[in-house]
Student: 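Take this structure, written in structure tokens, and hold onto it; I'll ask about it next.
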Amino acid sequence: MAKDNKQKIIEVLTSISKQRGFIFQSSEIYGGLGSTWDYGPLGIELKRNVKNLWWKSMVTSRDNIVGMDAAILMHPGVWEASGHVENFHDPLVDNKESKKRYRVDHLLEDQDQGVIDQLVDSMDSKSSYKDDEEKYQAIVAFLLDNENTSDEILKNCKVIDPHTNAKGDWTKVRQFNLMFKTHVGPVSDSSSVVYLRPETAQGIFVNFLNVQGTSRQKLPFGIAQIGKAFRNEITTGNFIFRTREFEQMEMEFFCKSGETGKWLEYWSNERLEWFKSLGVTENKLRLRPHGPDELAHYSSACFDVEYQFDFGWSELEGIADRGTYDLDQHMKHSNKKLTYFDQANNEHIVPAVVESSAGVDRAVLTILADSFTQEEVNGEKRNVMKFDPKIAPITAAIFPLFNKEGMPEIAKKITDDLKNKFSTFYDAGGSIGKRYRRQDEAGTPFGITVDYDTLTDNTVTLRDRDTMEQKRISIDSITSAISDSV
RNA sequence: GCGAAAGUAGCUCAGCUGGUAGAGCAUCACGUUGCCAACGUGGGGGUCGAGGGUUCGAAUCCCUUCUUUCGCUCCA
């Protein structure tokens, strides 16, 4: 039941997004490109509002966080230092019988000791391993080195499919690299390989000293950035939830090593509150601590902000204790000192980092999913996007009740007067009811209608999107009436 | 990548016992309308994903291919 529902909501959102101009399929006239999406006129306003509110909440309203904007292309050494070249790929194998796919290292964890021993025996060079993980990594590397026979090796060693508890009919082991590669310069030799960044965070770490020095910030302080990131995901989907090109809002908070626990808790709560402040339903939001097995290679503790989509609780943002991992790594690989001089204790220290990393597109999808409602009005279906007025693409729509007796001129004048303060839209097409409904679907919180009374007493009606109730106010008080809720 | 489903108008879809395309909604223009998807008239919009084959004739049957969606592993 929930499953049927799920597809419907995403389908409805996809369809409305296209019809109304929120989000379009990328390269549509060429048949589309998998899981890439373009933002239309309404979508980009919504997205910009989300980003602006994030920037305001994280940067401009705080003294100890500054912004920056790094290039998408960076020196390849950055990704070697960060661990992405080494870790950001998955060795995968399929069982042709059960149609299940496994990460090879995860698959090994589910095998009996005998199977593991056989695999180790089949390897050419024998050596001792300090733990199972090291042993599994060696097996994975061996299988990848012998990709052409890897299927036979798995079958000969009787590797079990945990799903069926029987020997699997395995495919060859293949490596899926999650970073997009491209080339700088006209020659595509290996020396010119660069990556499209898989996260914006590294642009912050490599600029740590530049930013700290020029902004004269003292610990603890943060550096924030909004920008595109790219991951060659094997599986994408759920509309704009998981895409290969996406936008991040990240803030790296630098503090003393012993203080990360405190700041992790602080930022987790701050970030949860931020989503609430956008008007997202509170009981569909939660903070979830990561289990030890879920932690990324750089992180020792992590909280996810999750939203309850129709397809399940899903991550919107991760708040992670990255320790000194990133700065340590960059010091090691670049041979540059990335330390902070602590005057109080008269010592150079490597700051630890608490990271808050949110997906812009996921925030937009959350708002779309959370705002979408269908109601029955006089037996007719009414679609309403109940956006908070702060983030609505259009704040106020202005209508002449009829296209005569000077009403359009007055309505246009009101539109022009409001333009400087709010996002506005003038519409004189079709019946008044139809125009209200169009704006309901665009999520416009306020409707202003010029009617016959306007001609004599200079008042208009102000319509509330959610209740559809109207009240008469004077033209002069429109701005203040709207300002109260934006 | 593997598996499943699907590609016909801007959207949702019908047409698929082969006879060269329709509906509802949307959109545009004009008229009408004293406030919630009203009404009237008219208009624009499709080489039926692409290529090939069978046939006198293919949206419809066959083959190939492309793309999308969903699931599997992963993540913001």
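In what follows, every heavy atom counts, from backbone to side chain, and hydrogens, waters and symmetry copies are set aside.
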Student: Base, sugar-phosphate, or nothing: which does A:Asp453 touch, judged by heavy atoms less than 4.0 Å apart?
Tutor: base
Student: Using a heavy-atom cut-off of under 4.0 Å over every strand shown, decide if A:Lys381 touches base, sugar-phosphate, or nothing.
Tutor: base
Student: Do we count A:Phe246 as stacking onto B:rA76 if the rule is ring centres under 5.5 Å and planes under 30°?
Tutor: yes
Student: For the side chain of A:Thr454 and the backbone of A:Asp451, is there at least one donor-acceptor N/O pair under 3.5 Å apart?
Tutor: yes
Student: Looking only at side-chain atoms of A:Gln248, point me to the closest of B:rC35, B:rC36, B:rA76.
Tutor: B:rA76
Student: Counting heavy atoms from C-beta on, name the nucleotide in B:rU69, B:rU27, B:rC36 closest to the side chain of A:Lys434.
Tutor: B:rU27
Student: Please measure how far the P atom in B:rU17 lies from the corresponding atom in B:rG7, and state the result in whole Å.
Tutor: 15 Å
Student: What's the CZ-P distance between A:Arg197 and B:rC75, to the nearest Å?
Tutor: 20 Å
Student: Closest approach to the side chain of A:Met468, judged atom by atom: which nucleotide of B:rC36, B:rU27, B:rC75 is it?
Tutor: B:rC36
Student: Strictly under 6.0 Å, is that where the ring centroids of A:Tyr195 and A:Phe180 end up?
Tutor: no
Student: By the 4.0 Å heavy-atom rule, please label A:Ile16 as base, sugar-phosphate, or nothing.
Tutor: nothing
Student: Between B:rC35, B:rC74, B:rC11, which nucleotide gets closest to the side-chain atoms of A:Thr449?
Tutor: B:rC35
Student: Closest approach to the side chain of A:Asp451, judged atom by atom: which nucleotide of B:rC35, B:rU69, B:rU27 is it?
Tutor: B:rC35
Student: With C1' as the reference atom in both, quote the distance from B:rU69 to B:rG52 in angstrom, rounded to an integer.
Tutor: 27 Å
Student: Can you tell me how far P in B:rG19 sits from the matching atom in B:rC61, rounded to whole Å?
Tutor: 11 Å
Student: Please measure how far the C1' atom in B:rA6 lies from the corresponding atom in B:rG43, and state the result in whole Å.
Tutor: 33 Å
Student: Checking all strands, does A:Glu375 fall into the base, sugar-phosphate, or nothing category for heavy-atom contacts under 4.0 angstrom?
Tutor: nothing
Student: Taking atom C1' in both B:rA29 and B:rU8, compute the distance separating them and give it to the nearest angstrom.
Tutor: 28 Å
Student: Please work out if A:Ser357 contacts a base, only the sugar-phosphate, or nothing of the nucleic acid, heavy-atom cut-off 4.0 Å.
Tutor: sugar-phosphate
Student: Quiz question: going by heavy-atom distance under 3.5 Å, is there a donor-acceptor pair between the base of B:rC11 and the side chain of A:Ser15?
Tutor: no
Student: Applying a 3.5 Å limit to both distances, which nucleotide forms a Watson-Crick or G-U wobble pair with B:rC25?
Tutor: B:rG10
Student: At 4.0 Å (heavy atoms only), tell me whether A:Thr243 reaches a base, stays on the sugar-phosphate, or touches nothing.
Tutor: base
Student: Would you classify A:Thr461 as touching base, sugar-phosphate or nothing, given that sugar-phosphate means primed atoms plus P, OP1 and OP2, and contacts are heavy atoms under 4.0 Å?
Tutor: base
Student: Contact class for A:Phe399 vs. all strands (heavy atom < 4.0 Å): base, sugar-phosphate, or nothing?
Tutor: nothing
Student: Can you check whether any acceptor in the base of B:rC36 is under 3.5 Å from a donor in the side chain of A:Arg435, or vice versa?
Tutor: no
Student: Should the side chain of A:Arg362 and the base of B:rC75 be counted as holding a donor-acceptor pair, with the cut-off at 3.5 Å?
Tutor: yes
Student: Mind telling me whether A:Phe387 and A:Phe22 have parallel, tilted or perpendicular rings, with 30° and 60° as the class edges?
Tutor: perpendicular
Student: Considering every strand and a 4.0 Å limit on heavy-atom distances, what is the contact class for A:Trp37: base, sugar-phosphate, or nothing?
Tutor: sugar-phosphate
Student: For RNA chain B, whose closest nucleotide is more 5', that of A:Gly433 or that of A:Leu316?
Tutor: A:Gly433
Student: Only pairs with both distances under 3.5 Å count, Watson-Crick or wobble alike; so what is the partner of B:rA4 in this structure?
Tutor: B:rU69
Student: Between B:rA76 atom C1' and A:Phe241 atom CZ, what is the distance in whole Å?
Tutor: 8 Å
Student: Please state the P separation for the pair B:rA26 and B:rC62 - nearest whole angstrom.
Tutor: 37 Å
Student: Stacking between A:Phe402 and B:rG34, defined as ring centres under 5.5 angstrom apart with planes under 30°, is that present or not?
Tutor: no
Student: Scan side-chain atoms only and decide if A:Arg472 and A:Thr459 contain a donor-acceptor pair under the 3.5 Å cut-off.
Tutor: yes
Student: Starting at CZ of A:Phe303 and ending at C1' of B:rA76, how long is that distance when rounded to a whole Å?
Tutor: 18 Å
Student: Is it the case that B:rA76 (base atoms only) and A:Arg231 (side chain only) share a donor and an acceptor within less than 3.5 Å, ignoring hydrogens and angles?
Tutor: yes
Student: Closer than 4.0 angstrom, basic N to acidic O: yes or no for A:Arg286 and A:Glu317?
Tutor: no
Student: Could you work out which one of B:rC36, B:rU69, B:rU27 sits closest to the side chain of A:Arg438?
Tutor: B:rU27
Student: Considering every strand and a 4.0 Å limit on heavy-atom distances, what is the contact class for A:Asp440: base, sugar-phosphate, or nothing?
Tutor: nothing
Student: Any salt bridge linking A:Glu245 with A:Lys228? Criterion: basic side-chain nitrogen under 4.0 Å from a carboxylate oxygen.
Tutor: yes
Student: Nearest to the A:Lys404 side chain among B:rU69, B:rU33, B:rC36, which nucleotide is it?
Tutor: B:rU33
Student: Can you tell me whether the side chain of A:Gln470 and the base of B:rC35 have a donor-acceptor pair closer than 3.5 Å?
Tutor: yes
Student: Strictly by Watson-Crick or wobble contacts shorter than 3.5 Å, is anything paired with B:rC56, and which nucleotide is it?
Tutor: B:rG19
Student: Return the 5'-most residue of the pair A:Lys18, A:Leu401 with respect to RNA chain B, ranking by each residue's nearest nucleotide.
Tutor: A:Lys18
Student: Could you state the CZ-P distance from A:Arg382 to B:rA38, rounded to the nearest angstrom?
Tutor: 15 Å
Student: Report yes if a donor N or O on one partner sits less than 3.5 Å from an acceptor N or O on the other, where the partners are the side chain of A:Arg463 and the base of B:rC36; otherwise report no.
Tutor: yes
Student: Name the closest nucleotide to the A:Tyr436 side chain, picking from B:rC36, B:rA38, B:rC75.
Tutor: B:rC36
Student: For atom C1', what is the distance between B:rC70 and B:rG15, given to the nearest Å?
Tutor: 27 Å
Student: Under a 3.5 Å threshold, yes or no: a donor from one side chain and an acceptor from the other, between A:Thr260 and A:Asp321?
Tutor: yes
Student: Please name the nucleotide paired to B:rG51 by Watson-Crick or G-U wobble geometry with both distances under 3.5 Å, or report none.
Tutor: B:rC63
Student: Could you tell me if A:Ser82 and A:Gln202 have a donor-acceptor pair between their side chains, going purely by distance under 3.5 Å?
Tutor: no
Student: Please check if the distance between the ring centroids of A:Phe241 and A:Phe309 is under 6.0 Å.
Tutor: yes
Student: When the C1' atoms of B:rG49 and B:rA5 are compared, how many Å lie between them, rounded to an integer?
Tutor: 16 Å
